[in-house]
Amino acid sequence: FLVSNYLDLVKKYDLDGFYIPAFNNKIFLNLNNKSDFIIIGSAHNLKEIRIKILQGCKEVFLSPIFRVEKSNNFLGIVKFNLIKLKSKTNLIALGGINQKNLKKLKYLGLKGFASISWAKKNGLRNLRPF
């Protein structure tokens, strides 16, 4: 069980981990001493990824990889791979993933991927990307 951006709740309830959104640039010291404590974050570019690494994130959601309704900016396959090569961390693709572009993910060598709207629309039973 992870909580986003409320470190006091994570500590109070001895939760499994902490999620740090892209907009949060604060460096947290001594988040937790548990060896299995999870810290993940999200980013939109290499600069934000480097901040997430300083924050202790072992995995980072990088978005948007494909076009999304709320923004005309997206990374695409080539830019995502260039950022991945420079970041040296586990990246999880997020943003704009749907049935039409799902197979393109195999060209990314990903740790994982996430799709909120596609999963809500289709459920997990149709999830066979490769």
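In this text, all values refer to a predicted model and were calculated from it rather than measured experimentally. Note: hydrogens, waters and symmetry copies are ignored here, and every other heavy atom, side chains too, is used.
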**Q** So, for Ala93 and Leu105, which heavy atoms are closest and what is the spacing to 0.1 Å?
**A**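 Heavy atoms of Ala93 and Leu105 come nearest at CB-CD2, 4.3 Å.
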**Q** Calculate, to the nearest 0.5 Å, the distance between atoms CZ and OH belonging to Phe18 and Tyr6 respectively.
**A**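 Spacing of CZ (Phe18) from OH (Tyr6) equals 10.5 Å.
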**Q** Is a side-chain N or O of Asp16 found less than 3.5 angstrom from the main chain of Ile38, in a donor-acceptor match?
**A** no
**Q** How far does CD of Glu59 sit from OG1 of Thr89, to the nearest 0.5 angstrom?
**A** 8.0 Å
**Q** Identify the heavy atoms of Ile39 and Gly56 that sit nearest to each other, and give their distance.
**A**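 Distance-wise, the nearest heavy atoms are CB-O, 3.6 Å.
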**Q** Measure the shortest side-chain to side-chain distance between Phe66 and Leu75 over non-hydrogen atoms and say whether it is less than 4.5 angstrom.
**A**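 In short, these two side chains do not touch, never coming nearer than 4.5 Å.
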**Q** Indicate if Val10 and Tyr19 have the same hydrophobic cluster label, given that clusters are the connected sets of ILVMFWY residues with side-chain heavy-atom separations under 4.5 angstrom.
**A**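 Result: no, two separate clusters.
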**Q** For the side chain of Ser42 and the backbone of Ala22, is there at least one donor-acceptor N/O pair under 3.5 Å apart?
**A**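 Such a contact is found between Ser42 side chain and Ala22 backbone.
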**Q** To the nearest 0.5 Å, what is the distance between CD1 (Ile49) and CZ (Phe61)?
**A**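 Ile49 CD1 to Phe61 CZ: 13.0 Å, rounded to 0.5 Å.
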**Q** In terms of hydrophobic clusters joined by side-chain contacts under 4.5 Å, are Leu102 and Leu91 together?
**A** yes
**Q** Do side-chain atoms of Gln55 reach the backbone of Ile40 as a donor and acceptor pair under 3.5 angstrom?
**A**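 No, the answer is negative, given that no donor and acceptor are paired below the 3.5 Å cut-off.
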**Q** Taking all non-hydrogen atoms of both residues into account, name the closest pair between Gly96 and Val68 and its distance.
**A**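 Heavy atoms of Gly96 and Val68 come nearest at N-CG1, 3.2 Å.
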**Q** Enter the distance from Ile83:CD1 to Asn81:CG here, rounded to the nearest 0.5 Å.
**A**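 Result: 10.0 Å between the selected atoms.
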**Q** Compare all side-chain heavy atoms of Ile20 with those of Lys52 and state whether any distance is below 4.5 angstrom.
**A**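 SC-SC contact between Ile20 and Lys52 confirmed.
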**Q** With the 4.5 Å side-chain cut-off for hydrophobic clustering, are Leu62 and Leu82 part of the same group?
**A**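 Hydrophobic grouping puts Leu62 apart from Leu82.
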**Q** Give me the atom names and distance for the closest heavy-atom approach of Arg50 to Lys86.
**A** NH2-O, 4.4 Å
**Q** Enter the distance from Ile97:CD1 to Lys104:NZ here, rounded to the nearest 0.5 Å.
**A** 12.0 Å
**Q** Report yes or no: does Asn24 contribute a side-chain atom to a donor-acceptor pair with the main-chain N or O of Pro21 at less than 3.5 Å?
**A** no
**Q** Is Leu46 reachable from Ile51 through a run of hydrophobic residues whose side-chain heavy atoms are each under 4.5 Å from the next?
**A** no
**Q** What closest approach, in Å, do Cys57 and Gly41 show between heavy atoms, and which atom pair accounts for it?
**A** SG-N, 3.6 Å
**Q** Side-chain contact, heavy-atom cut-off 4.5 Å: Leu15 with Leu2?
**A** no
**Q** Taking the side chain as every heavy atom from C-beta outward, state whether Glu48 and Phe23 have any atom pair closer than 4.5 Å.
**A**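 With C-beta onward as the side chain, the pair stays apart.
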**Q** If you take all heavy atoms of Ile53 and Ser87, which pair is closest and at what distance?
**A** CD1-O, 3.5 Å
